Amino acid sequence: MVKVTLKDGTVREYPLRITLAQVAGEISPRLGKEALVASVNGRLVDLAYELTGDAAVQFFTFEDEEGRQAFRHSTAHVLAQAVQRLFPGTRLAIGPAITDGFYYDFDPPRPFSAEDLEKIEKEMQAIVRADFPFQRVELSREEALKKFAQAGETYKVELIKELGDEAVISCYTQGEFTDLCAGPHVPSTGRLKAIKLTSVAGAYWRGDERNKMLQRIYGTSFPKKSQLEEYLYRIEEAKRRDHRRLGAELDLFSIQEEGPGFPFFHPKGMIIRNELEQFWRQEHYRHGYQEIRTPIILSRSLWERSGHWDHYRENMYFTKIDDQDYAIKPMNCPGCILVYRSRLHSYRELPIRMAELGLVHRHELSGVLHGLLRVRCFTQDDAHIFMLPTQVKDEIIGVINLVDYFYKIFGFPYKVELSTKPENAMGSEEIWELATNALKDALHEKGMEYKINEGDGAFYGPKIDFHLEDCLGRTWQCGTIQLDFLMPEKFNLVYIGEDGQKHRPVMIHRVIFGSIERFIGILTEHFAGAFPLWLAPVQVKVLPITHRHLAYAQEVYGRLLKEGFRVELDERSEKVNYKIREAQLQKIPYMLVVGDREAAGGSVSVRHRQGGDLGSVALDRFIELAKREINNKALAPELAKEPKSGIEASAG
RNA sequence: GCCGGCGUAGCUCAACUGGCAGAGCGGCUGAUUUGUAAUCAGCAGGUUUGUGGGUUCAAGUCCCACCGUCGGCUCCA
């Protein structure tokens, strides 16, 4: 007998060599049906695993991360089986589970087409119906190498060769198909009920563009068809929030063929931009920053000195003036440094925080451009902090706090990453270690969770990155804090210390929004175009019911305009329903319907884009509440908070 | 930049295997005077289909190149 300790602490006894599938069935029929994989003493295993001693056992279903991953990974194997059936000679690379599904990289005789996907999907369904069990076999390195070399699976051979000595090499077989795999897998292909292949794309072997480009097939799978349908529906819904679509529908910005990657901001987009910038300025002055502005074109000698000429040239645009070489700035730091250097500074002045809304241009590969989220010119809400070495930690923490304060205003959840020394870096190992540790210390002091991105730092220093999500859950770097000991060296920056001698300051490069353009893109998707009142391009729209009410509507409109609202008046001879529909589609926060009743009482009938008809209220009261909502930068409407009777009671 | 898809009116889309380029929305004009998500009628709108070549009696449709765009890869704010 073996003693099995379950997740809830209960201990049960079972005969020796009982399989986990049997244990699950014993615990409950439902668990027997839904369990996909399990862990034994913390190690993930298949349900076919036989217990040979006392163990702590935990079962995982599709509801658990572990179960879901095994489910998707098993589907990837079925995909590979189908592909090898239909396209003999296709070599296999890797096929992991990802957040919402899985992919598999193939090296086929010819690229896959969209029609191929349908065929493959059909074949996968046949494999699911066949209900092949996934069978695990462990084998020695030699056996594995021989097996895959014979099969011509060169990528697998490469993978096996790289496995560590201690690694257990295992294969999984379903039907006629065998793949190298650590597992675990679900019991059989029949579990994979609902499968959808979503796209084909090129992907370099091991993600390195020097390697061969493989064909990657993406897909997803669920235990139930309804779950798959729900997922596909959710994706469609998410696409409705796409900032590129909303940007056109709400007339915020456009990108034209004449300027790929160079966005045009329309009047309504400019309002959002200007509100963001105004808020940004106010907060930066409050937090001890000064603002500067530096030129967009600067001479080659500056970029040589800063290191950009050597380390960043592929991303830069160049021009000539009077036969001299100039570059269009890809970063603001060299310009800012010139401002710092324009006079001598005392240690008493430090830290000096110089902010700049700087327009930078970077050459990005054509294939990566993406609406406002990846462009070739963008405005960084940049700042460079020059400080004493002793001030480093406090300054970093100050910036972390500022980022947090900003993102909370918008209600953005964010992820933090620490990026370390890249391949083409300037400077010594020691200096990089010093800088990286300073960033780590600050993060630890703040008790923040973060992920490390090896080799992802800027060429002049390591950085802390703040990532936000778009409508499909893809993350984009927005805020960043970069610690830099090198630029001060390159530019021979100094301050005069207490001792009257020259000393070297340390520098931080940082952005909060990151790029105003990208931030607006994220903002648009986050709010699905329904911006909070303080950002909404049009805050209020006045809708007279008939021509008869035009005079009063104009009065309301004029009053709101005078009070500083961004207000529009719909004077067209259309039905109210029509006007409302249009205002709704434009996601205008407040619609004020005015007719006989309102004209008589000096009131307005308030409709909120999300809250619907809120009843009638005195114009003065509406102004008061709307102003409060704007000043608080509220995320939820101020008026809808009041009980309806309260609004009506205050009507004039 | 690489792999694959796509490109027809301002927008969304149609035009069977090559055979005279269409509809809805939007716009304009007029009628209508309307109480919380689409009132009705008329008119205009394409230098003829992203651009340039080619095949063909005939090309939106087939072929090639380029541009743009979408999804990935790589790269990054």
Side-chain angles (χ1 to χ4, degrees), chain A residues 103 105 111-117 198-218 239 242 244-245 248-249 255-261 312 314-315 330-331 360 362-382 419 422 453 456 458 463 465-468 472 474 476-480 482 509 511-519 521-522 543-550 572-585 591-598 605-609 612-616:
Chain A
Y103 67 77
D105 284 346
F112 298 124
S113 67
E115 297 83 72
D116 292 337
L117 280 198
T198 48
S199 64
V200 228
Y204 302 103
W205 168 236
R206 322 212 117 187
D208 190 327
E209 63 183 329
R210 287 167 300 195
N211 290 338
K212 179 162 188 187
M213 178 162 273
L214 308 174
Q215 292 279 308
R216 174 172 298 177
I217 297 181
Y218 283 91
K239 284 184 184 157
D242 191 311
R244 291 166 299 184
R245 180 189 181 126
E249 283 174 5
I255 297 179
Q256 321 263 353
E257 269 202 35
E258 289 79 353
Y312 208 71
E314 331 67 80
N315 286 298
M331 294 188 194
V360 298
R362 296 183 185 175
H363 181 70
E364 297 292 344
L365 297 177
S366 59
V368 307
L369 300 178
H370 184 94
L372 292 180
L373 299 182
R374 172 63 96 291
V375 292
R376 285 180 172 152
C377 78
F378 56 99
T379 309
Q380 291 185 304
D381 62 318
D382 218 341
S419 297
N453 269 338
D456 245 6
K463 54 183 189 162
D465 296 327
F466 298 85
H467 291 248
L468 300 178
L472 291 175
R474 295 173 290 207
W476 300 84
Q477 185 185 318
C478 289
T480 175
Q482 312 177 345
H509 311 237
V511 290
I512 308 287
F513 292 137
S515 125
I516 308 278
E517 290 77 4
R518 177 177 286 183
F519 199 82
I522 295 279
L543 311 178
I545 288 173
T546 74
H547 282 161
R548 205 165 65 249
H549 311 111
L550 210 50
R572 296 170 307 171
S573 60
E574 297 288 352
K575 292 173 75 165
V576 197
N577 278 343
Y578 184 84
K579 298 182 188 178
I580 286 175
R581 177 181 157 82
E582 219 156 81
Q584 280 287 154
L585 291 175
M591 288 152 268
L592 302 182
V593 177
V594 295
D596 289 327
R597 296 201 289 272
E598 290 74 19
S605 182
V606 182
R607 181 190 168 93
H608 184 265
R609 65 185 168 200
D613 189 351
L614 300 178
S616 157

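Just so it is clear, the structure is predicted and the values come from calculations on it, not from any experiment. Here is how names work: the chains are called A, B, and so on, in the same order as the sequence lines, proteins then strands, and each is numbered from 1.
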When you compare [N] with [M], how far apart are their [atom1] atoms, in angstrom units rounded to a whole number?
| N | M | atom1 | value |
| --- | --- | --- | --- |
| B:rG26 | B:rU39 | P | 9 Å |
| B:rG60 | B:rA9 | P | 14 Å |
| B:rG27 | B:rC11 | C1' | 12 Å |
| B:rC6 | B:rG45 | C1' | 25 Å |
| B:rA59 | B:rC75 | P | 47 Å |
| B:rC63 | B:rC73 | P | 29 Å |
| B:rU33 | B:rG71 | P | 48 Å |
| B:rA37 | B:rA44 | P | 35 Å |

For [X] and [N], give me the distance from atom [atom1] to atom [atom2], rounded to whole Å.
| X | N | atom1 | atom2 | value |
| --- | --- | --- | --- | --- |
| A:Arg474 | B:rA77 | CZ | P | 18 Å |
| A:Asn453 | B:rA77 | CG | C1' | 14 Å |
| A:Phe519 | B:rA77 | CZ | P | 17 Å |
| A:Arg548 | B:rU32 | CZ | P | 15 Å |
| A:Glu517 | B:rA77 | CD | C1' | 10 Å |
| A:Asn315 | B:rC76 | CG | P | 8 Å |
| A:Leu369 | B:rC73 | CG | C1' | 15 Å |
| A:Ile545 | B:rU36 | CD1 | P | 8 Å |

(request) Decide, yes or no, whether a salt bridge links A:Glu517 with A:Arg376 under the criterion of side-chain N to carboxylate O below 4.0 Å. (result) no
(request) Pick base, sugar-phosphate or nothing for A:Glu364, based on heavy-atom distances below 4.0 Å to the nucleic acid. (result) base
(message) Should the side chain of A:Tyr204 and the base of B:rG72 be counted as holding a donor-acceptor pair, with the cut-off at 3.5 Å?
(response) no
(request) Check if the side chain of A:Gln215 and the base of B:rG72 share a donor-acceptor pair of N or O atoms closer than 3.5 Å. (result) no
Pick out the pairs of N or O atoms, protein on one side and nucleotides 37-42 of chain B on the other, that lie under 3.5 Å.
unit_1 : atom_1 : unit_2   : atom_2 : d
B:rA37 : N7     : A:Arg607 : NH2    : 3.3
B:rA37 : N6     : A:Gln584 : NE2    : 3.1
B:rA38 : N9     : A:Arg581 : NE     : 3.4
B:rA38 : N7     : A:Arg581 : NE     : 3.1
B:rA38 : N7     : A:Arg581 : NH1    : 2.9
B:rA38 : N7     : A:Arg581 : NH2    : 3.2
B:rA38 : N6     : A:Arg581 : NH2    : 2.3
B:rA38 : N1     : A:Arg581 : NH2    : 3.2
B:rU39 : O4     : A:Glu574 : OE1    : 3.2
B:rU39 : O4     : A:Glu574 : OE2    : 3.4

For [N] and [X] - does any side-chain N or O of the residue sit under 4.0 Å from the phosphate oxygens OP1/OP2?
| X | N | value |
| --- | --- | --- |
| A:His370 | B:rU69 | no |
| A:Lys463 | B:rA77 | yes |
| A:Tyr218 | B:rC73 | yes |
| A:Arg374 | B:rG72 | no |

(request) Quick one: list whatever passes side-chain contact (heavy atoms from CB on, under 4.5 Å) with A:Asn577, sequence neighbours left out. (result) none
(message) In this structure, which stretches of RNA chain B are paired as stems of three or more consecutive Watson-Crick or G-U pairs, both distances less than 3.5 Å?
(response) B:1-7 with B:67-73, B:10-13 with B:22-25, B:27-31 with B:39-43, B:50-54 with B:62-66
(request) For A:Val593 and for A:Phe466, locate the closest nucleotide of RNA chain B by heavy-atom distance; then report the residue assigned to the nucleotide nearer the 5' terminus. (result) A:Val593
(request) Using the closest heavy atom to pick a nucleotide of RNA chain B for each, name whichever of A:Pro260 or A:Ser199 lands nearer the 5' end. (result) A:Pro260
(message) Between A:Asp596 and A:His549, do the side chains contain a donor N or O and an acceptor N or O under 3.5 Å apart?
(response) yes
(message) Among A:Asp465, A:Asn453, A:Asp456, exactly one meets side chain to side chain donor-acceptor pair (under 3.5 Å) together with A:Gln477. Which residue is that?
(response) A:Asp465
Any chance you could measure [X], atom [atom1], to [Y], atom [atom2], to the nearest 0.5 Å?
| X | Y | atom1 | atom2 | result |
| --- | --- | --- | --- | --- |
| A:Arg581 | A:Glu574 | CZ | CD | 12.5 Å |
| A:Arg374 | A:Arg362 | CZ | CZ | 9.5 Å |
| A:Arg607 | A:Leu592 | CZ | CG | 12.0 Å |

(message) For B:rA77, is there a stacking contact with A:Phe378, counting only centres under 5.5 Å and planes under 30°?
(response) yes
(request) Pick out which of A:Arg206, A:Lys212, A:Arg210 makes a salt bridge (charged side-chain N to carboxylate O under 4.0 Å, His left out) with A:Asp208. (result) A:Arg210
